[in-house]
2 protein chains.
Amino acid sequence: MTQTRQRPLTLRDVSEASGVSEMTVSRVLRGKGDVSEATRAKVQAAAKKMGYVPNRIAGALASSRVNLVAVIIPSLKNMVFPEVLSGISDRLSGTGLQPVVGVTDYRPEQEEKVLFEMLSWRPSGVIIAGLEHSEASRAMLARAGVPVVEIMDTDGDPIDAAVGISHRRAGREMAEAILGQGYRKIGFLGTKMPLDYRARKRFEGFTAYLAKKGHEIVDQEFYSGGSALKKGREMTEAILTRTPGLDFLYYSNDMIGAGGLLYLLEKGVDIPGQIGLAGFNGVELLEGLPRQLATMDACRREVGEKAADIIAARCALPDPLGEDGPVITLAPMLDVGDTLRRS
Amino acid sequence: MTQTRQRPLTLRDVSEASGVSEMTVSRVLRGKGDVSEATRAKVQAAAKKMGYVPNRIAGALASSRVNLVAVIIPSLKNMVFPEVLSGISDRLSGTGLQPVVGVTDYRPEQEEKVLFEMLSWRPSGVIIAGLEHSEASRAMLARAGVPVVEIMDTDGDPIDAAVGISHRRAGREMAEAILGQGYRKIGFLGTKMPLDYRARKRFEGFTAYLAKKGHEIVDQEFYSGGSALKKGREMTEAILTRTPGLDFLYYSNDMIGAGGLLYLLEKGVDIPGQIGLAGFNGVELLEGLPRQLATMDACRREVGEKAADIIAARCALPDPLGEDGPVITLAPMLDVGDTLRRS
DNA sequence: ATGAAAGCGCTAACAA
DNA sequence: TTGTTAGCGCTTTCAT
């Protein structure tokens, strides 16, 4: 490694190299204020030649402005959050704001740590998954003095703004569709995740609707860890061995649903005649399966986009905290695919 | 939103609230230096009650120490980088270092921008995917004055340290295995990504070995965008329609390979008798498929772990740039699965 | 064990 | 259009 320089360059170095005052160099590099074309060119040439990289730490401290948006999500491993992220970064690009991602692993203590860590960099805004946070986290968010958007869920009390779907409603609508097609002996397969509040809300909405119509879930199966596709197979086999009469399987996510679908097709089960299936999320993967699994789209990209828009808009305001942000409830879209219609 | 406070709290606020000098408060909060138990307790109580969040910007400026490691990767959308990331953050946790992720979308200009942006926060180290960077990027990395680890690939010239596999060798070994099983009419299916150097190196290694043995690829098919699983189906159909005699399909990633596998099984093709298949990456998903697709593991998790270890170790050194870091070449592991043996 | 002073590299505000 | 001065909120260093 050709170590060109131990000490990073400062504005002063550029100033000396170009014979222009630090202040003017700063102006050129930020594109603010009036600078003559000649000076501008001279400074830019010098900065570029030296390979000057500004020190945002100093800049941020001096201006008390940080172009960072903290994005706090539970996981990167399941395709849903990367899509949200991509919605966020698309909309943020061009606003001068930059997303910075923190991952909580669905653990509240971890969320607290990550949040503290990120807030200590004084970001311009926070986008955080879910409405359930520890007391300490809620307090930090409320005091942070920046716009906060809670995403993915609107069943609850936002601290500030929120963008998402109602998972209770998603569960309810799925139940409605399933009963509507005449399925009655319904099994549920999900994650063993007491802290995945959104999965739980879907489950609640689902069972509540069944109950209202005088039905209930006949059997259920939970898993944790491992390859979701494989777990979907195994759970499907397990639940059908235990309760052979089931005519519908509702999976808490598309990946395990896809595993179940592949398993049942191999077994030669008539889908959706003998058994109907549905998942949740609307992941792209489904398009390549032998049958299109019924699912419900959580509008992940759109959630990210809208959240980013809210942050960007409020950061542009003179008083970003003038009033609470909006609560935007998107409508989850049922896609019956090939596995949820008996007609 | 109950806006408790407009101005974030400072050390001074905690100092006043606890009746202890700023300096001592700082010592308590950082756990450095000798502070009496009584003072410590008093300060901690005050800070906690007020909900003080330290200002790292000021801290970093004053100490010229930043506990951030910049991690720059091409994409979050394909399961490979999330695994690398999780390896990184596991190993970094406990060292006091925090990963910060930037995404380049396989675009060199974007890489340059992201890198500049991250370096402007003066991170303690950089982990960046690939060995191919623009001149400007290489210059920035070389001048950054911090350890740099280039990951995923070791076929080339690292700036400083590197951890990865040889993709040429991965391609070569796959070719060897395929020819070894007697397959001769080989088709290649990949991404239309001139900037995915690693995919290209695998391809080169693959074709070079075939050539050495007097063979060559009979047909090929490329795609871009869309659901990889679905594209895998479509490409497989396309290539076999055009060139029906193929007896092996080598896919540049497991996802399109999985799509091809599902397609061929549906068509009733004898796998691996009539046609053999192989992908690349060793993704978890494969475990749930009807047949285990042959693949080659890129050791993603391990790459992340080793890269993080290198950074952590060198950051702990008095002179992190004393000498160039190591180049660690991991051995890609061939997994023949169920689709690459005729025996 | 605690405090006081100086300054990290930049930018806001003002002066020229 | 350009330069000067005074901090931003912390930590370093040195004194007590």
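Since this is a predicted model, take the numbers as computed values, not measurements. Residue numbers begin at 1 in each chain, while the letters A, B, ... track the order of the sequences.
At whole-Å resolution of the value, CZ in A:Arg65 and P in C:dA13 are 9 Å apart. For the pair B:Asn67 CG and D:dC10 P, the interatomic distance rounds to 15 Å; values are reported in whole Å. Between the C1' atom of D:dC10 and the CD atom of B:Glu22 lies a distance of 8 Å, rounded to the nearest Å. Taking atom CD1 of B:Ile57 as the reference point, atom P of C:dC8 lies 18 Å away to the nearest angstrom. As a whole-Å value, the separation of B:Leu61 CG from D:dC8 C1' is 9 Å.
B:Ser18 approaches B:Val43 most closely through the heavy-atom pair OG-CG2, 4.1 Å. Nearest heavy atoms, A:Ile311 versus A:Gly125: CD1-CA, 4.1 Å. Scanning all heavy atoms of the two residues, the minimum distance from A:Val66 to A:Ala60 falls at CG2-CB, 3.8 Å. Closest non-hydrogen pair, B:Val163 versus B:Thr154, comes out as C-CG2, 4.2 Å. Minimum interatomic distance between A:Val25 and A:Ser15 (heavy atoms only, all atoms of both residues): CG2-CA, 3.8 Å.
Neither OP1 nor OP2 of D:dT11 sits under 4.0 Å from any side-chain N or O of B:Ser63. Using a 4.0 Å cut-off, no side-chain N or O of A:Arg12 falls inside it from OP1 or OP2 of C:dC10. Of the side-chain N and O atoms in A:Tyr52, one or more sit less than 4.0 angstrom from OP1 or OP2 of C:dC10.
Summarising the geometry, atom CG belonging to B:Asn55 is positioned 11.5 Å from atom CG belonging to B:Leu9; distances are rounded to the nearest 0.5 Å.
Using modelled atom types, one finds a donor on one side chain and an acceptor on the other under 3.5 Å when comparing A:Ser86 with A:Arg301.
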Take A:Asp309 and A:Arg91, measure what salt bridge (Lys or Arg N to Asp or Glu O under 4.0 Å) needs, and give me the verdict at the end.
CA-CA 7 Å; A:Asp309 287 345; A:Arg91 290 311 183 93; 2.7 Å; yes
Apply the test side chain to side chain contact (heavy atoms under 4.5 Å, CB included) to residues A:Leu141 and A:Asp160: give CA-CA distance (whole Å), side-chain angles for both, the deciding distance (0.1 Å), then the verdict.
CA-CA 9 Å; A:Leu141 286 167; A:Asp160 181 5; over 6 Å; no
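In this structure, the nucleotide among C:dC8, D:dT12, C:dT11 sitting nearest to the side chain of A:Leu11 is C:dT11.
The terminal axes of the helix from C:dA1-D:dT16 to C:dA16-D:dT1, fitted over 5 pairs per end, subtend an angle of 30° to the nearest 10°.
In this structure, A:Arg56 and B:Met23 both approach DNA chain C, and ranking their closest nucleotides by distance from the 5' end singles out B:Met23.
Against DNA chain D, the stretch residues 24-40 of chain B makes heavy-atom approaches under 4.0 Å through B:Ser26, B:Arg30.
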